[in-house]
Amino acid sequence: MKAAVLNQIPGELVIEDISVDKPGPGEVLVQTVNAGLCHSDLHFMDGQWSRLPLPAVMGHESAGIVQAVGPDVTYVKPGDHVITCLSIFCGNCEHCLTGHPNRCQNSDATSRAKGSAPRLSRGDTPVGQFARLGGFAEEMLVHQNGVVKIRPDMPLDAAALIGCGVTTGVGAVFKTAKIEPGSTVCVVGAGGIGLSAIQGARIAGAGRVIAVDMTPAKLETAQVCGATDVINAAEVDDVVNAVRELTGGGVDYSFEAIGRKETVEQVWKMARMGGTAVVIGMMPFGQKIEITGYEIFMLEKTLKGSMMGSNAFRVDMPRYCDMYLDGRLKLDEMISGRIPLEQINDGYELMRQGVSNRTVIEFGK
Ligand SMILES: NC(=O)c1ccc[n+]([C@@H]2O[C@H](COP(=O)([O-])OP(=O)(O)OC[C@H]3O[C@@H](n4cnc5c(N)ncnc54)[C@H](O)[C@@H]3O)[C@@H](O)[C@H]2O)c1
Ligand SMILES: [Zn+2]
Ligand SMILES: [Zn+2]
């Protein structure tokens, strides 16, 4: 099968012919129909994160159709439509059993045993799967606890976006921050994740939703998604002051959806007294941030991280599909381009330049 492989860091993706094994116990073989381009892969490709065994098939935001299942798989059957999610849960650990399956660290329980045949290979060389999914491939061989069954009338391009970006952004608002109706929100960075957070804020009933980005076209899409106010960070001297002026002192909830020290410190500062700043963006590995002790205790502010929107994806993703189909989640509006797998590096180049919202790969076209 064809797959986009990362062979070195930093490096571009190479389209290669890869062999995929038959599904083993607990495994599912999925025919990939669509995959979204998320910035997290790009952080690895550009060398900001390097802890990744190579070669690896990249991609972690995909949807498709179950082709075959291994022994002991009862959750899905061939023909079922599924979204994959990197929050593969064991179901037995403390995190899974206390309602936080996105924090599961027990990857041994959902991976092949060390020394057994690899899921993917290129000749004699085992090939890894980014996030244990490898979504930029015609087929994905994954553990059944990394898929969720969805209703068959859900279009698979929009479903792919739910696989990471939507679940991360909407979930950061619904599940990590748990915002109250009427509260004020600012989202810094209006890419796939930020636009999803903006939509989450609108659906959750935020009183005011401020979007910050550097590209006018992104800010227009942000308004379609529910932003009530927009700030072009390239045109104001100080983003924090601009948000404080708009809100009379700061927002109740702020979200960083870029992955930069400067913008994380901005969302921290723009949260008002008693407010919460949520970090979604993936800063370069080892990056430290600076906040003052005064603000965290005298102003009773909270700084939180959000991993994959604090999801329980088997419950959350079907709900997000319903919200798309009843018109509340605007996912078609977030798709800025559709490309074949062969053009994946071009898709990522548009993301580097900050001009795409979500680019979606169409397999088999
Ligand atoms: N926490 C998680 O579980 C999780 C999950 C998925 C992605 N992420 C991370 O979220 C971040 C966003 O991902 P994405 O796919 O939406 O990326 P993206 O590239 O589509 O969006 C980033 C946006 O930030 C804007 N931007 C860049 N610098 C800016 C600045 N200084 N001020 C204002 N805007 C600026 C860009 O114009 C762009 O619109 C990435 O770091 C990604 O790795 C985290
Ligand atoms: Zn992602
Ligand atoms: Zn677990």
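Read the numbers this way: they start at 1 and go in the same order the structure lists the ligands and their atoms. None of the values given here were measured: they were computed from a predicted structure.
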(request) Decide side-chain hydrogen bond (donor to acceptor under 3.5 Å, both in side chains) for T167 and N311; before the verdict, give the C-alpha distance in whole Å, the side-chain angles of both, and the deciding distance to 0.1 Å. (result) CA-CA 7 Å; T167 295; N311 76 76; over 6 Å; no
(request) Assess whether side chain to side chain contact (heavy atoms under 4.5 Å, CB included) is satisfied between I150 and I162, documenting all intermediate values. (result) CA-CA 11 Å; I150 55 167; I162 292 176; over 6 Å; no
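Nearest protein heavy-atom neighbour of atom 21 (O) of ligand 1: G191 CA, 3.2 Å. If you check which protein heavy atom lies closest to atom 14 (P) of ligand 1, you get I193 CG1, 3.5 Å. The protein non-hydrogen atom at the shortest distance from atom 44 (C) of ligand 1 is I280 O, 3.0 Å. Nearest non-hydrogen protein atom to atom 42 (C) of ligand 1 is S40 OG, 3.5 Å. Protein heavy atom nearest atom 35 (C) of ligand 1, with residue, atom name and distance: I258 CD1, 3.3 Å. In terms of protein heavy atoms, atom 18 (P) of ligand 1 is closest to H39 ND1, 3.6 Å. Among all protein heavy atoms, the one lying closest to atom 25 (C) of ligand 1 is D213 OD2, 3.2 Å. What sits closest to atom 4 (C) of ligand 1 on the protein, heavy atoms only, is T168 CG2, 3.6 Å.
Checked against a 3.5 angstrom limit, the closest N/O atoms of C164 and ligand 1 fall outside it. Looking at A257 next to ligand 1, no N or O pair under 3.5 Å apart turns up. Inclusion of H60 in the set of residues having an N or O under 3.5 Å from an N or O of ligand 1 is not warranted. Annotation: S356 places no N or O atom under 3.5 Å from an N or O atom of ligand 1; distance criterion only. In terms of N/O distances under 3.5 Å, ligand 1 is approached by M308. Polar contact check, G192 against ligand 1: a nitrogen or oxygen pair lies under 3.5 Å apart.
Between the side chains of R202 and Q199, at least one donor N or O lies within less than 3.5 Å of an accepting N or O. Inspection of the Y75 and N145 side chains reveals no N or O donor paired with an N or O acceptor under 3.5 Å. For the residue pair T247 and R272, no side-chain donor N or O sits within less than 3.5 Å of a side-chain acceptor on the partner. Between the side chains of E349 and Q353, at least one donor N or O sits under 3.5 Å from an acceptor N or O. For the 3.5 Å distance criterion, the side chains of N357 and T221 qualify, holding a donor opposite an acceptor.
If you chain together hydrophobic residues whose side chains sit under 4.5 Å apart, F313 and V82 fall into the same group.
Ion pair E27/R112 flagged as a salt bridge, since at least one NZ, NE, NH1 or NH2 atom sits closer than 4.0 Å to an Asp/Glu carboxylate oxygen. Taking a cutoff of 4.0 Å between a charged side-chain nitrogen and a carboxylate oxygen, R319 and D322 do not qualify as a salt bridge.
Shown in contact with G189 at under 4.0 Å from a heavy atom are these atoms of ligand 1, numbered in order with element: 24 (O). For ligand 1, the atoms sitting less than 4.0 Å from at least one non-hydrogen atom of G281 are 9 (C), 10 (O), 11 (C), 41 (O), numbered in the order shown with element in parentheses. Of all the atoms in ligand 1, the ones that sit under 4.0 Å from a non-hydrogen atom of M351 are 19 (O), 20 (O). Listed by number with element, the atoms of ligand 1 under 4.0 angstrom from any heavy atom of M307 are 3 (O). Every atom of ligand 1 is numbered from 1 in the order shown, and the set under 4.0 Å from a heavy atom of M282 is 9 (C), 41 (O), 43 (O). Heavy-atom proximity to R358, at under 4.0 Å, picks out these atoms of ligand 1: 14 (P), 15 (O). Residue contact check: T215 has heavy atoms under 4.0 Å from atoms 37 (O) of ligand 1.
When non-hydrogen atoms are compared, ligand 1 lies under 4.0 Å from neither the backbone nor the side chain of E262. Under 4.0 angstrom from ligand 1, the non-hydrogen atoms of A190 all belong to its backbone.
Note: M298 CE to I296 CD1 = 14.0 Å, rounded to the nearest 0.5 Å. Atoms NE2 and CG, on H60 and L37 in that order, are 9.5 Å from each other to the nearest 0.5 Å. Distance check, rounded to the nearest 0.5 Å: CG of N232 to CE of M214 gives 7.5 Å. Put simply, CE on M351 and OG1 on T359 are 6.5 Å apart, with the number rounded to the nearest 0.5 Å. Here H100 contributes atom NE2 and E94 contributes atom CD; the two are 10.0 Å apart, rounded to the nearest 0.5 Å. Distance OG/S254 to CE/M270: 6.0 Å, rounded to 0.5 Å.
Judged by distance alone, with hydrogens and angles left aside, the side-chain atoms of S196 form a donor-acceptor pair with the main-chain N or O of G192 at under 3.5 Å.
Heavy-atom separations between C38 and ligand 1 include at least one value shorter than 4.0 Å.
Among the atoms of H95, no N, O or S atom falls under 2.8 Å of the Zn ion (ligand 3).
Each protein N/O/S atom under 2.8 Å from the Zn ion (ligand 2) was counted, for a total of 3.
Pairing each heavy atom of K301 with each of W268, the nearest pair is NZ-O, 2.7 Å.
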